[in-house]
Every structure is written in C-alpha cells, then in structure tokens.
Amino acid sequence: MAAGDVESSLELSLTGSGALPGALPPARSRIFKIIVIGDSNVGKTCLTYRFCAGRFPQRTEATIGVDFRERAVTIDGERIKIQLWDTAGQERFRKSMVQHYYRNVHAVVFVYDMTNIASFHSLPSWIEECKQHLLANDIPRILVGNKCDLRSAIQVPTDLAQKFADTHSMPLFETSAKNPNDNDHVEAIFMTLAHKLKSHKPLMLSQPPDHDEIHIKPEPKPITSCWC
Ligand SMILES: Nc1nc2c(ncn2[C@@H]2O[C@H](COP(=O)(O)OP(=O)(O)OP(=O)(O)O)[C@@H](O)[C@H]2O)c(=O)[nH]1
Ligand SMILES: [Mg+2]
C-alpha cells in the first residue's frame, strides 16, 4: 500500500478549561476522527505522535483529558485530515471528557501493551465503554498491541491476542511506536484505517473539535515521509 503524501501535522489538546476562540479556522477537506483508547501507559500518546510527527517523543506524561494530533494526507488524489484523539487512560483524567471522545467518531483504535497482560485484560471494559456510548456497529475498529520491541518482556502471546481480535471481529496489529521497523509499521496501520474509511465514502466535512475549548500546543515539525 502506498502511504499518502504528508502535507501537515498539528497538535492540539482539550482539557476542559480556558479558551482560545478562533484559534483554528475550519478547513474544508474531509476529516476522519479516530479515537485511540486503552489503559494508561500502553503507548497511545507515543503511537499517535509517531504517526503525526514521524518520530518517538523524547518524553511523555500521562495524558490529561485528550490530545488531538492531526495529519493531512492525500489518498487517491483526495486531501484528507486524519484527526487522532489521544485519550487519557487514567480514569481520573478521563471523567469530564468522555462524552467528547465518542461524538461523531469514525473509527476506534484499541491499544494494549504487549508487555503488560493487565492492559490486555482491560480490553473488554474499553469495548464496553464504546457500547455504552452507542457507537454504531459498522464503525471500523482495530486492535493494536504496542511495545513489540521489548521482546524479552512480552506477556501477551500473539495467538491469544489474535483469538480475542477474531472474537470481536477486529484486525490485530503488533507494533512498536519506539522502533518503527518492528512488525507492523505504525504508519501502515493508520493509513490502512484511513483507506478503509475513505472507501466507505462517508459524508464528513472538516470541523474543528469544540473550538471553544481548544488549546494550541507547540506544533510538531511537518515531515516529508514517515517511513523511517
Ligand atoms: N519500549 C517501548 N516503550 C514505549 C513504546 N510506546 C510507548 N512507550 C513508553 O511507554 C510509556 C507510556 O507511553 P505513553 O504513550 O505516554 O502512554 P499512554 O497510553 O499515552 O498513557 P496515558 O496518557 O496515561 O493514557 C512511556 O514511557 C513511553 O516511552 C514502545 O513502542 N516501545
Ligand atoms: Mg497519553
């Protein structure tokens, strides 16, 4: 599969306090809203950063509320914005934000840490949360096992994860946000999802997430290619 051309990337966060009205004027291209959920520390921030900024972040802190990372790509000649909602895994940092996550979602990425079996066992509760927020059955969902670079510490065998993925009709990817050459490439995972969304031809015009609550973070450098 050919990766889309990277045009730009942007990082925003929604914490529920303060406002920068007019910080992001609405764009007119189609936008795909993809939420990334899973336990704290599984690597959601690193995965979304890897895809949007093209590298592993030097350091991360627990996400509070939600961070947005956005990347514009061109698929089959159409400019599309992939908007990743990097959600907080810690319950205390999620509470006030959960209703924002699930509004107008186009796809869901469930993440577990391959070196932490507890994060794998939590997956049913993340699936349940999606159900409670009435996500449509036909919304694409994928399962991502992260940190496959830590080979000697793996606790979740692939066959176990594959069984779970099959039961829930999701494709499984094992990857590493840290070492992009390990197993499934983060780039390929999100681009595959974007191709799938595009092929559904949903009618979705670009709309910034809740403008009145947007905070702008330092913008990661646009990259020319993510196949590093
Ligand atoms: N070795 C390795 N470490 C990783 C990988 N991805 C993330 N990490 C590390 O795992 C820790 C947690 O990563 P985060 O991306 O902040 O985790 P998170 O899921 O966003 O956590 P919350 O924001 O609390 O929900 C950090 O120390 C990362 O450096 C990976 O692929 N390989
Ligand atoms: Mg995070």
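Counting starts at 1 for both ligands and their atoms, following the listed order.
Nearest protein heavy-atom neighbour of atom 31 (O) of ligand 1: A177 N, 2.9 Å. For atom 27 (O) of ligand 1, the closest non-hydrogen atom on the protein side is T60 OG1, 4.6 Å. Closest to atom 29 (O) of ligand 1 among all protein heavy atoms lies F56 CZ, 3.4 Å. At the top of the distance list for atom 6 (N) of ligand 1, counting protein heavy atoms only, stands N146 ND2, 3.1 Å. Summary of contacts: the protein heavy atom closest to atom 11 (C) of ligand 1 is N41 OD1, 3.4 Å.
Defined by atom type and a distance below 3.5 Å, a donor-acceptor pair is missing between the side-chain atoms of T60 and T45. Using modelled atom types and a 3.5 Å distance limit, the side chains of W126 and D39 yield a donor-acceptor pair. For D149 and S176, the side-chain atoms include at least one donor-acceptor pair closer than 3.5 Å. Y49 and R69 share no donor-acceptor pair across their side chains, judged by distance under 3.5 Å alone.
R50 contributes a side-chain N or O that, together with a main-chain N or O of K178, makes up a donor-acceptor pair within less than 3.5 Å.
Atom CD of E61 has 12 or fewer heavy atoms from other residues, nucleotides or ligands within 6.0 Å.
Comparing heavy-atom distances from atom 13 (O) of ligand 1 across P57, G43, S40 singles out G43 as nearest.
The only member of E129, H133, K33 that meets side-chain hydrogen bond (donor to acceptor under 3.5 Å, both in side chains) when paired with Y102 is E129.
The shortest side-chain heavy-atom distance between V144 and L47 falls under the 4.5 Å cut-off. Within the 4.5 Å cutoff, the side chain of T63 has no heavy atoms near those of the K44 side chain. Counting only heavy atoms from C-beta outward, the side chains of E174 and V156 never approach each other to under 4.5 Å. Taking the side chain as every heavy atom from C-beta outward, V111 and I37 never approach each other to under 4.5 Å. Contact annotation: the side chain of R94 approaches that of T87 to within less than 4.5 Å [non-hydrogen atoms, C-beta and beyond]. Looking at K198 and F32, their side chains come closer than 4.5 Å, going by heavy atoms from C-beta outward.
Contact annotation: for V42 versus ligand 1, heavy atoms closer than 4.0 Å belong to both the backbone and the side chain. Under 4.0 Å from ligand 1, the heavy atoms of D149 that appear belong solely to its side chain.
Per-residue contacts place A62 under 4.0 angstrom from the following atoms of ligand 1 (heavy atoms of the residue considered): 23 (O), 24 (O). Near C46, meaning under 4.0 Å from one of its heavy atoms, ligand 1 places the atoms 6 (N), 7 (C), 13 (O), 15 (O), 28 (C). Taking a cut-off of under 4.0 Å to the non-hydrogen atoms of S176, the atoms of ligand 1 that pass are 31 (O).
Relative ring orientation between F190 and F51 is described as tilted, the plane-to-plane angle lying within the 30° to 60° band.
Under a 4.0 angstrom heavy-atom cut-off, Y49 registers as lying outside contact with ligand 1. Ligand 1 has D39 within reach: a non-hydrogen atom of the residue lies less than 4.0 Å from it.
Note: no N/O pair closer than 3.5 Å links L150 and ligand 1 by distance alone. Between A88 and ligand 1, a contact under 3.5 Å exists for no N or O pair. Polar contact with ligand 1: present for G89 (N/O pair, distance under 3.5 Å). Considering backbone and side-chain atoms together, T175 places no N or O closer than 3.5 Å to any N or O of ligand 1. Among the atoms of D86, none of the N or O lies under 3.5 angstrom from an N or O of ligand 1. Backbone and side-chain nitrogen or oxygen atoms of K147 are examined, and one is located within less than 3.5 angstrom of a nitrogen or oxygen of ligand 1. Note: no N/O pair closer than 3.5 Å links G38 and ligand 1 by distance alone.
Taking distances strictly below 2.8 Å, the protein N/O/S atoms close to the Mg ion (ligand 2) are T45 OG1, T63 OG1.
For D166, the side-chain hydrogen bond (donor to acceptor under 3.5 Å, both in side chains) criterion is met by Q162, not counting sequence neighbours.
Remark: atom 19 (O) of ligand 1 lies closer than 4.0 Å to at least one protein heavy atom.
At a threshold of 4.0 Å, the pair D113-K147 counts as salt-bridged, since one of the basic side-chain nitrogens sits closer than that to a carboxylate oxygen.
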